[in-house]
Colleague: 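What follows is a structure written as structure tokens; I'll ask about it next.
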Amino acid sequence: MFKKILKWTGLVLGSLIVLLGLFYLYVSINIGQRIEKKYSFAPEKLEINQDSALLTKGAHLTAIKGCKDCHGADLSGQVMVDDKALGRLVSANLTKGKGGLPANYSTTDWVRALRHGVDANGQALLFMPSHETTLLSAQDMAAIIAYCQNLAPVHKQLPPSDLGPVVKVMTYLDKMPLLAVEKIDHDLPMVMQVDTLEGVAMGKYLAVSCSGCHGANLKGGDPVAPGYPPVANITSTGHVGKWSKAQFIQTLRTGKTPEGKVLKNENMPWKMTAQYTDKELSSIYQYCQSLK
Ligand code: HEC
Ligand code: HEC
């Protein structure tokens, strides 16, 4: 009797392992094909009237949009993660140094990357949040591009990304934004005008940068990846609903919440939010408060 149970348990476990193996094989092939897929988008022009105000704005935007968190303070790229589960995730060297963008990388190439999530060859950019940058206004995009085109060249050759099993499975289950190109409505025209007055509209425009983790409705939810804390609800129905504007700004500048919680920058990038202006944070606060 006991032997029989053991035998059946063994069979069931064995079949499960084989099934899981097959599932993973299927997922790997599926993700591989989606990465290999070539895209083609009509080239778009963007007028860039470069002056010092635009470059200053570009410097600010690359700080508050997380470009520097992922691409490094000098935007020369870096290995962002390297572990068994997630694999090796590498951002690009955005300077014109060795290992960086090619000398002929044009404004059109920049716009293609930020608007459509593909490189100059039409290959999907991995982990580059183009589904967020595609919502940038033409003016903000011009500022970012102008700033990046003027970066001091940094010679840095980076290894290619090498996706781990967790990234593949989470991407397959649509729990991770590996392939922004698949998430973008490519027919949407570029945003030409945004509200620059402090208020809910401006907050909504800026909060696109929070939505990647806090969700489109900013209500938070499951951790962004295994090993990370759940994402907080930052609408009026969460803690933020009880905070004053000053407390909200204080939290996003210091990483300490009014409840006494210390936010880790790796989980909640407060060193990035610290660089928003008062006007920008006030607007985001008003937008968060407007959501139930
Ligand atoms: C979450 C991390 C992350 C953030 C935030 C991010 N990037 Fe990226 N970006 C990447 C990664 C990773 C790649 C490399 C993609 C690849 O090689 O497949 C990349 C690639 C790029 C490329 C493509 C270069 C090429 O080879 O064609 C450009 C341009 C770029 N990023 C600009 C930006 C700018 C500008 C910002 C800020 C508005 C930004 N990125 C924010 C992760 C990020
Ligand atoms: C990379 C993911 C990520 C991004 C981007 C992000 N957050 Fe967060 N945020 C988190 C996580 C995760 C937590 C919860 C941290 C914890 O519990 O330790 C959090 C917590 C917070 C809290 C504290 C809430 C509370 O109840 O204590 C506030 C406020 C907040 N985020 C605001 C923002 C705003 C505003 C933005 C955009 C400007 C933003 N976050 C962008 C991941 C992110």
Side-chain angles (χ1 to χ4, degrees), residues 35 58 61-72 75 77-81 88-94 100-102 105 109-115 117-130 132-134 136 140-141 143-145 147-149 151 158 160-161 163 177-181 203 206-215 218 220-225 228-235 238-243 247-252 255-270 272-276 280-281 283-285 287-288:
I35 289 175
L61 286 167
T62 51
I64 66 166
K65 295 292 167 191
C67 320
K68 291 183 177 171
D69 287 303
C70 287
H71 290 273
L75 297 174
Q78 60 184 343
V79 176
M80 302 188 294
V81 189
R88 185 177 59 222
L89 307 177
V90 186
S91 63
N93 179 349
L94 301 180
L101 299 176
Y105 199 83
D109 293 327
W110 267 100
V111 173
R112 189 185 295 110
L114 298 181
R115 287 260 298 145
V118 297
D119 68 12
N121 302 317
Q123 210 85 53
L125 294 171
L126 308 182
F127 265 114
M128 162 65 199
S130 301
E132 294 178 12
T133 53
T134 193
L136 285 167
D140 283 355
M141 219 178 272
I144 290 174
I145 295 172
Y147 174 76
C148 292
Q149 285 173 335
L151 288 170
L158 292 154
S161 282
L163 306 179
L178 176 71
L179 294 159
V181 64
L206 291 167
V208 166
S209 305
C210 321
S211 65
C213 298
H214 289 278
L218 300 187
D222 290 338
V224 290
Y228 288 81
V231 187
N233 172 2
I234 55 169
T235 72
H239 286 138
V240 173
K242 300 187 200 80
W243 299 353
Q247 286 176 317
F248 181 79
I249 294 178
Q250 170 92 350
T251 302
L252 295 186
K256 290 187 196 75
T257 77
E259 288 77 26
K261 182 168 196 170
V262 177
L263 302 168
K264 280 205 199 127
N265 188 59
E266 309 91 83
N267 303 329
M268 161 59 203
W270 64 266
M272 171 187 88
T273 55
Q275 299 180 72
Y276 281 83
E280 288 167 336
L281 287 181
S283 299
I284 297 176
Y285 175 74
Y287 177 57
C288 291

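Atoms within each ligand, like the ligands themselves, are counted from 1 in listed order. Atoms considered below: every heavy atom in the structure, side chains included; atoms not considered: hydrogens, waters and symmetry mates.
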Colleague: Give a yes/no verdict on whether any heavy atom in Ile144 is under 4.0 Å from an atom of ligand 1.
Modeller: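 So Ile144 counts as touching ligand 1.
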
Colleague: So which protein heavy atom does atom 12 (C) of ligand 2 come closest to, and at what separation?
Modeller: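 For this ligand atom, the closest protein heavy atom is Asn267 O, 3.6 Å.
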
Colleague: Has ligand 1 got any nitrogen or oxygen that is less than 3.5 angstrom from a nitrogen or oxygen of Leu126?
Modeller: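 N/O-N/O distance below 3.5 Å exists for this pair.
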
Colleague: Would you say atom 8 (Fe) of ligand 1 has His71 as a near neighbour, meaning an N/O/S atom of that residue under 2.8 Å away?
Modeller: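 So His71 does bind atom 8 (Fe) of ligand 1 by this criterion.
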
Colleague: How far is atom 17 (O) of ligand 1 from its nearest protein heavy atom, and which residue and atom is that?
Modeller: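 So the nearest neighbour among protein heavy atoms is Leu125 CD2, 4.6 Å.
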
Colleague: Do Trp110 and Cys148 have side chains that approach each other closer than 4.5 Å (heavy atoms only, starting at C-beta)?
Modeller: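 Trp110 vs Cys148: side chains touch.
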
Colleague: Using a 4.0 Å cut-off to any heavy atom of His239, which atoms of ligand 2 qualify?
Modeller: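 It comes down to these atoms of ligand 2: 25 (C), 26 (O), 27 (O).
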
Colleague: Can you figure out which of Leu94, Thr62, Leu179 has its heavy atom closest to atom 22 (C) of ligand 1?
Modeller: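 The nearest heavy atom belongs to Leu94.
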
Colleague: Applying a strict 4.0 Å limit to heavy atoms, is Pro269 in contact with ligand 2?
Modeller: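 Distance cut 4.0 Å: Pro269 passes for ligand 2.
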
Colleague: Please check if a non-hydrogen protein atom sits closer than 4.0 Å to atom 31 (N) of ligand 1.
Modeller: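 Yes, at least one protein heavy atom sits under 4.0 Å from atom 31 (N) of ligand 1.
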
Colleague: If I take every N, O or S atom of Met128, is at least one of them less than 2.8 Å from atom 8 (Fe) of ligand 1?
Modeller: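 For Met128, the answer is yes, given that an N, O or S atom comes within less than 2.8 Å of atom 8 (Fe) of ligand 1.
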
Colleague: So do the side chains of Leu206 and Lys65 get within less than 4.5 Å of each other, counting heavy atoms only?
Modeller: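 Yes. Closest side-chain heavy atoms under 4.5 Å.
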
Colleague: Please confirm if an N, O or S atom belonging to Met268, backbone or side chain, lies less than 2.8 Å from atom 8 (Fe) of ligand 2.
Modeller: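 Checking Met268: at least one N, O or S atom is under 2.8 Å.
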
Colleague: Atom 3 (C) of ligand 1: which protein heavy atom is closest, and how many Å away?
Modeller: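 In this structure, atom 3 (C) of ligand 1 has Cys70 SG, 2.7 Å as its nearest protein heavy atom.
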
Colleague: Give the residue, atom name and distance (to 0.1 Å) of the protein heavy atom nearest atom 37 (C) of ligand 1.
Modeller: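 Ranked first by proximity to atom 37 (C) of ligand 1 is Cys67 SG, 1.7 Å.
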
Colleague: Can you tell me the protein heavy atom closest to atom 34 (C) of ligand 2 and the distance?
Modeller: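 Going atom by atom, the protein heavy atom closest to atom 34 (C) of ligand 2 ends up being Cys210 SG, 3.5 Å.
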
Colleague: What I'd like to find out is whether the side chain of Tyr147 reaches to under 4.5 Å of the side chain of Leu75, using heavy atoms alone.
Modeller: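 Touching, per the 4.5 Å side-chain cut-off.
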
Colleague: So, 4.0 Å and heavy atoms of Trp243: is ligand 2 close enough to count as a contact?
Modeller: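 Yes.
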
Colleague: Report the nearest protein non-hydrogen atom to atom 29 (C) of ligand 1: residue, atom name, distance rounded to 0.1 Å.
Modeller: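 Ranked first by proximity to atom 29 (C) of ligand 1 is Trp110 CZ3, 3.3 Å.
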
Colleague: Closest by any non-hydrogen atom to atom 4 (C) of ligand 2: pick that one out of Cys213, Ala225, Cys288.
Modeller: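 Among Cys213, Ala225, Cys288, the closest heavy atom to atom 4 (C) of ligand 2 comes from Cys213.
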
Colleague: Show which atoms of ligand 2 fall inside a sub-4.0 Å distance from at least one heavy-atom site of Thr257.
Modeller: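 Numbered from 1, ligand 2 contributes 27 (O).
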
Colleague: In the protein, what heavy atom is nearest to atom 28 (C) of ligand 2, and what distance, to one decimal place, separates them?
Modeller: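 Here the closest protein heavy atom is Ile234 CG2, 3.5 Å.
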
Colleague: Can you sort out which atoms of ligand 1 are near Thr133, meaning under 4.0 Å from one of its heavy atoms?
Modeller: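 Listed by number with element, the hits are 38 (C).
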
Colleague: Tell me: protein heavy atom nearest atom 42 (C) of ligand 1, and distance?
Modeller: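 For atom 42 (C) of ligand 1, the nearest protein heavy atom is Phe127 O, 3.5 Å.
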
Colleague: For atom 6 (C) of ligand 1, what's the nearest protein heavy atom and its distance?
Modeller: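 Ranking protein heavy atoms by distance from atom 6 (C) of ligand 1, first comes Pro129 CD, 3.5 Å.
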
Colleague: Taking distance alone, with N or O pairs closer than 3.5 Å, would you say Lys261 contacts ligand 2?
Modeller: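 Yes, Lys261 has an N/O under 3.5 Å of an N/O on ligand 2.
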
Colleague: Considering distance alone, does some N or O of Tyr105 sit under 3.5 Å from an N or O of ligand 1?
Modeller: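 Yes, there is a polar N/O contact under 3.5 Å.
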
Colleague: Measuring from non-hydrogen atoms of Ser209 to any atom of ligand 2, is the shortest distance under 4.0 Å?
Modeller: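 Per 4.0 Å heavy-atom rule, Ser209 contacts ligand 2.
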
Colleague: Determine whether the side chain, the backbone, both or neither of Leu252 has a heavy atom under 4.0 Å from any heavy atom of ligand 2.
Modeller: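 Side chain only.
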
Colleague: Taking 2.8 Å as the cut-off, does an N/O/S atom of His214 lie below it from atom 8 (Fe) of ligand 2?
Modeller: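 Coordinating: yes.
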
Colleague: Is Val224 in contact with ligand 2, taking contact as a heavy-atom separation below 4.0 Å?
Modeller: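 Per 4.0 Å heavy-atom rule, Val224 does not contact ligand 2.
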
Colleague: Under 4.0 Å from ligand 1, counting heavy atoms only, is it the side chain of Leu101, its backbone, both or neither?
Modeller: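 Under 4.0 Å from ligand 1, Leu101 contributes side-chain atoms alone.
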
Colleague: Can you tell me if Tyr276 has a non-hydrogen atom under 4.0 Å from ligand 2?
Modeller: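 Contact present.
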
Colleague: Using non-hydrogen atoms of the residue, decide whether Met80 is closer than 4.0 angstrom to ligand 1.
Modeller: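 For ligand 1, residue contact (heavy atoms, under 4.0 Å) with Met80 is present.
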
Colleague: Counting from 1, what ligand 2 atoms have a heavy atom of Thr273 closer than 4.0 Å?
Modeller: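 Near Thr273, meaning under 4.0 Å from one of its heavy atoms, ligand 2 has 38 (C).
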
Colleague: Give the atom numbers and elements of ligand 1 that come within less than 4.0 Å of a heavy atom of Val90.
Modeller: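 Near Val90, the atoms of ligand 1 are 12 (C), 14 (C).
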
Colleague: Starting from atom 15 (C) of ligand 2, locate the nearest protein heavy atom and write down its residue, its atom name and how far away it is, to 0.1 Å.
Modeller: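 So the nearest neighbour among protein heavy atoms is Leu263 CD2, 3.8 Å.
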
Colleague: Does Pro230 come within less than 4.0 angstrom of ligand 2, counting non-hydrogen atoms of the residue?
Modeller: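 Checking ligand 2 against Pro230, which is what was asked, there is a heavy-atom contact under 4.0 Å.
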
